[in-house]
Amino acid sequence: MASSACLKEFIKNNAPVILDGGLATELEAQGAELQADPLWSARLLQKNPQAIRDAHYRFLLNGADVITTATYQASIPGFISHLNASCERARELLMSGVYLAKETAKKFESGQQCPLVAGSVGPYGAILHDGSEYTGVYAEKMSAEEFKDFHRPRIECLVAAGADLIAFETIPSIKEAAAVVELLREFPNSKAWLSFSCKDGRCVADGGLFTDAVRVASRSTQLLAVGVNCCSPVVVESLLDSARMLLSPDMSWVVYPNSGEEWDTERGWLTSGEPSGWTPELSHTWVKQGAALIGGCCRIGPDHIAELRRQLKGNYKPLTSMDQT
């Protein structure tokens with residue numbers, strides 16, 4: 001786990017930091033069949049780890065400063081149930097997500113700087129495999145302790161494997177967010193960002209106000225950023241604007257929306273044939289609002305990230321394998 005000072009220095013020196021895009025989107029583009037899989041991209045940690053390395057590599061080739069691990073939908077119970085793995089093997093698989101990303105990031109090390117690896121921690125709803133990470137309906141029936149008991153071993157594995165920071169992402173409810181913020185204190189040397197799935201320009205997915213979500217995040221001294229992901233790009237500006245007075249001085253916005261297309265739990269992403277709502281030009285507005293970490297989520301691939309970097313960092317030419325030694 002990178003130190004707080006190192007992470008803050010990395011963000012300061014590279015702001016706006018370019019995140020990767022949708023890992024599962026890129027894996028599917030290369031032939032992986034993930035749509036009906038309850039483990040989603042985490043299945044490939046056992047089935048095809050090289051595919052994960054290759055996807056990380058393509059995002060880094062196209063300018064990502066940070067890559068996220070293939071652990072969004074990974075959990076100890078999930079691996080035991082769906083892979084018939086032992087508890088020890090399940091932990092090894094979770095940790096391998098960090099190792100794969102770290103191995104790949106190392107190839108892009110330059111001088112004293114290397115791309116960062118964010119350990120992905122998706123919401124409890126993701127393992128339900130019913131799209132409830134976009135509604136948060138399950139939160140009403142769960143206690144804070146139940147949330148913490150579920151997330152604790154995931155964080156333990158990611159931290160032990162050496163993730164530079166934790167990415168709590170697509171969190172649909174303030175209740176779950178409060179639980180993970182509290183849980184993070186059990187890992188005092190760890191830093192994280194916290195991003196919410198949101199239903200519109202004012203509310204997180206379960207209907208709670210985004211302003212209240214930011215208040216919860218601002219209680220933590222371990223969060224480097226709070227923001228939104230896997231929501232439509234068109235609602236980002238109003239969400240950030242609604243909470244602009246609540247952002248802690250030591251915290252930045254993190255923004256990585258999806259393409260703006262609609263998700264159907266049975267049919268997947270519904271493509272209308274209309275142009276994507278995700279346009280790199282929007283990122284300039286987010287930077288003006290204080291976003292220091294910007295990328296993409298579902299349906300956003302390496303080419304999108306290359307264009308995002310060009311928009312924010314000037315004349316960027318994606319690397320080729322010939323450029324790497």
Side-chain angles (χ1 to χ4, degrees), residues 18-76 78-80 82-85 89-109 114-122 126-127 129 133 153-155 157-170 229-230 256 258 268-269 295-306 318-321 324:
I18 307 298
L19 308 181
D20 59 7
L23 179 60
T25 296
E26 179 59 12
L27 289 167
E28 288 180 323
Q30 302 303 317
E33 296 182 3
L34 307 177
Q35 179 67 38
D37 197 315
L39 294 175
W40 206 34
S41 56
R43 169 84 62 178
L44 300 185
L45 291 171
Q46 173 168 293
K47 182 180 178 181
N48 190 353
Q50 186 59 45
I52 295 173
R53 288 190 190 92
D54 292 344
H56 286 323
Y57 191 78
R58 283 188 288 273
F59 278 117
L60 290 167
L61 280 175
N62 283 277
D65 298 312
V66 181
I67 51 175
T68 51
T69 58
T71 54
Y72 172 83
Q73 210 151 307
S75 69
I76 305 299
F79 285 141
I80 291 173
H82 300 296
L83 293 180
N84 196 30
R89 177 57 179 157
R91 288 179 177 275
E92 289 173 354
L93 284 169
L94 248 167
M95 294 175 72
S96 74
V98 178
Y99 300 148
L100 294 173
K102 282 280 191 178
E103 288 171 18
T104 312
K106 187 74 173 173
K107 296 178 181 179
F108 291 79
E109 188 173 17
C114 184
L116 298 181
V117 170
S120 175
V121 175
I127 69 152
H129 195 55
E133 68 260 51
R154 309 170 79 196
I155 300 171
C157 290
L158 295 171
V159 170
D164 294 306
L165 72 165
I166 300 299
F168 295 113
E169 50 186 359
T170 328
N229 78 287
C230 216
Y256 51 118
N258 58 36
W269 291 99
C297 200
C298 294
R299 308 284 287 177
I300 303 302
D303 289 346
H304 295 97
I305 297 305
L319 300 172
T320 70
S321 56
Q324 291 297 314

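Residue indices begin at 1 and follow the sequence shown. Bear in mind that the values here come from a model prediction, so they are computed numbers and not experimental data.
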| field | Distance-minimising heavy-atom pair for D164 and P115 | value | OD2-O, 4.3 Å

| When you measure from the side chain of N48 to the backbone N and O of L44, does any donor-acceptor pair fall under 3.5 Å? | no

| said: Taking side-chain contact (heavy atoms from CB on, under 4.5 Å) as the criterion, tell me which of V98, L100, T104 meets it with K102. | reply: V98

| message | Using a 3.5 Å distance criterion without hydrogens, assess whether the side chain of R43 forms a donor-acceptor pair with backbone atoms of P38. | response | no

| Any F79 side-chain heavy atom under 4.5 Å of Q46 side chain | no

| message | Please report the interatomic distance CZ(F59) to CG(D54), rounded to the nearest 0.5 Å. | response | 12.5 Å

| Short side-chain to backbone donor-acceptor contact, R91 and I76, under 3.5 Å | no

| message | Looking at H56 and R53, would you say the former's side chain and the latter's main chain have a donor-acceptor pair under 3.5 Å? | response | no

| Within the distance-only criterion (no hydrogens, no angle test), does the side chain of S120 pair as donor or acceptor with the backbone N or O of A167 below 3.5 angstrom? | no

| query | How many angstroms lie between atom CG of D65 and atom CD1 of I18, to the nearest 0.5 angstrom? | reply | 6.0 Å

| task | With the side chain counted from C-beta on, respond yes when L83 and L93 share a heavy-atom pair under 4.5 Å apart, and no when they do not. | result | yes

| request: Give the minimum heavy-atom separation between A70 and I52, together with the two atoms involved. | output: CB-CD1, 3.8 Å

| message | Counting neighbours of CD on E33 that are heavy atoms of other residues, nucleotides or ligands and sit closer than 6.0 Å, is the number greater than 12? | response | no

| Under 4.5 Å between any side-chain heavy atoms of I166 and V159, yes or no? | yes

| Taking T71 for the side chain and A74 for the main chain, is one N or O donor matched with an acceptor at less than 3.5 Å? | no

| said: For S96 versus L45, what's the shortest heavy-atom pair and its separation? | reply: OG-CD2, 3.8 Å

| query | Is there a side-chain contact between L23 and Y72 (heavy atoms, below 4.5 Å)? | reply | no

| said: Less than 4.0 angstrom from a charged side-chain N to a carboxylate O is my criterion; do R89 and E92 meet it? | reply: yes

| task | Looking only at non-hydrogen atoms, find the nearest pair between T170 and N229 and report the distance. | result | N-OD1, 2.7 Å

| said: Test salt bridge (charged side-chain N to carboxylate O under 4.0 Å, His left out) on E109 and K106; report intermediate values, then the result. | reply: CA-CA 5 Å; E109 188 173 17; K106 187 74 173 173; 2.9 Å; yes

| field | Donor-acceptor contact present, side-chain R58 to main-chain G301, <3.5 Å | value | no

| query | Can you check whether C297's main-chain N or O pairs, donor with acceptor, with N258's side chain at less than 3.5 Å? | reply | no

